[in-house]
Number of protein chains: 2
Amino acid sequence: MRISVLATRTEVSVGTIKFYLREGLLPPGRQTSRTTAEYDESHVERIRLVRALTDAGGLGIAAVRRIIAVIDAPDPQRLDVLATAQDALTGRVDPEPDDSAASVGRAHSWVAARGWPTGPGDRVVERLERAWEACEQAGVHVEDSMMDDYADAVEQVARVDVAAVPPGADDAVRRVVVGTVMLEPVLSALRLLAQRAISVQG
Amino acid sequence: MRISVLATRTEVSVGTIKFYLREGLLPPGRQTSRTTAEYDESHVERIRLVRALTDAGGLGIAAVRRIIAVIDAPDPQRLDVLATAQDALTGRVDPEPDDSAASVGRAHSWVAARGWPTGPGDRVVERLERAWEACEQAGVHVEDSMMDDYADAVEQVARVDVAAVPPGADDAVRRVVVGTVMLEPVLSALRLLAQRAISVQG
DNA sequence: CTTGACTAGAAAGTGGTACTTTCTAAGCGT
DNA sequence: ACGCTTAGAAAGTACCACTTTCTAGTCAAG
């Protein structure tokens, strides 16, 4: 199909599609002449993926590019689908020098105590560290025990996440990444609803 | 204290503080002359709150303004702290006309079936509706039963949330709002870590 | 075979957000 | 009295996600 058809089918303007092509979010079509290219269903799907990640997922172009790179990678080491996916999800953060010695590595030691697998330079743990620290700064104190309570609950969430991925599937990476991103707003809304439900009836 | 001291204490530039004053995120100081005003600890705290919500919470100025308005409101109807807080958190969304009749009100009926309190025009349910629909569009199918599984887990999260709020506290609204926003990145990181832990050892 | 719609590709422009800079007129402080 | 600071307003900046405008070429109907 031509670019105008692609635009109609995806409800994305031709200009935006060209922008995605330039940005490498969308592979070029098969060129049939110097001014015409042929696009197919894979392009439709890709555009829908980009829109889903940017609109609902709230991701920026850079994050989407990383995710797409992972999805497009030919048969990655299946062993570490999750690590790969999570690497794409956690953008690199420049390691700011810690100013308070009191809470250095608090997240890391909590994760270790919890028995969850991690290693040095774990970007997800770094994220947790920052988020936890930010809570403290904002006056929302979270003790280790409370974190454990949250962890118990979130393990349940993760169990559902993992169960939803068909093991050994061809597009496991895609499902993990897209599912992780797209379900976040769902879980967020559920949390608000659950807060209500809990507080209404003890 | 003067504005320069406020800037030093909060590590926020004088220019930015003036910007916050203009935007109504920060109440003006007590003016001591036409070119000098006196700020106090409440200003320090307020600025830290704004930074926490924008930096870690990822909120925009508009959302922060809504939240601040709620926090500043004098003794709101204590009955509905949560509703007020959640209203501030869910920015207004223009109700887009639904195009597919198939899934209209899917979230609403699921919430009703779940027995969670809601009503017509519930913004949180609308959010869930959108997020759920976006998942389907992106090829991440979520059946009602899976949503129930997530809901069970998230109820646990909410229990911890609710337990952390001292009942009848003076600043309950503040704690609920700030806690809800600031803990989101924490929970997000926990989810990734839990996914790993679960998938590694069944 | 012409005419109008479409296309690729690149460059420049736009609107929104969150500040930052620059300005003036006026204290303040040593 | 001289430089440092301030309030307040206006204009400017950087970044992001597009959108517009351009050229040069192609295609399809009449």
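All figures in this text were calculated on a predicted structure; none of them were measured in a lab. In the text below, chain A, chain B and the rest are named by the order of the sequence lines, each starting its count at 1.
Nearest to the side chain of Thr35(A), among dT7(C), dT19(D), dT6(D), sits dT7(C). Closest approach to the Thr16(B) side chain among dC18(D), dT20(C), dT7(C) is made by dT20(C) (side chain taken as heavy atoms from C-beta onward).
Within residues 37-56 of chain B, the residues that place at least one heavy atom under 4.0 Å from DNA chain D are, in residue-number order, Ala37(B), Tyr39(B). Near DNA chain D, meaning a heavy atom under 4.0 Å away, the residues from residues 19-33 of chain A are Phe19(A), Tyr20(A), Arg22(A), Ser33(A).
Glu23(B) pairs by the salt bridge (Lys or Arg N to Asp or Glu O under 4.0 Å) definition with Arg65(B), not counting sequence neighbours. Legend: residues meeting side chain to side chain contact (heavy atoms under 4.5 Å, CB included) with Gln86(B), ordered by chain and number and at least two apart, are Leu192(A), Gln195(A), Arg196(A), Leu82(B), Val124(B). Judged as a salt bridge (Lys or Arg N to Asp or Glu O under 4.0 Å), and not counting sequence neighbours, Arg2(B) has no contacts.
Following rounding to the nearest Å, Arg65(A) (CZ) and dC18(D) (C1') show an atom-to-atom distance of 14 Å. Atom CD1 of Ile3(A) and atom P of dA5(C) are 19 Å apart (whole Å). Rounded to a whole Å, the CD1 atom of Ile61(B) is 11 Å from the P atom of dT20(C). Between the P atom of dA17(D) and the CD1 atom of Ile17(A) lies a distance of 18 Å, rounded to the nearest Å.
Within the 4.0 angstrom heavy-atom criterion, only backbone atoms of the sugar-phosphate kind lie near Gly60(B); the bases stay farther away.
Checked by distance alone, Lys18(B) brings a side-chain donor or acceptor within 3.5 Å of a matching partner on the base of dA7(D).
Atoms CG and CD, from Leu49(A) and Gln137(B) in turn, are 12.5 Å apart once rounded to the nearest 0.5 Å.
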Pairs of donor and acceptor atoms involving the side chains of residues 144-151 of chain A, under 3.5 Å and at least two apart or interchain, shall be tabulated with distances.
unit_1    : atom_1 : unit_2    : atom_2 : d
Asp144(A) : OD1    : Arg106(A) : NH2    : 3.4
Asp148(A) : OD1    : Trp110(A) : NE1    : 3.4
Asp148(A) : OD1    : Arg114(A) : NH1    : 3.0
Tyr150(A) : OH     : Asp161(B) : OD1    : 2.3

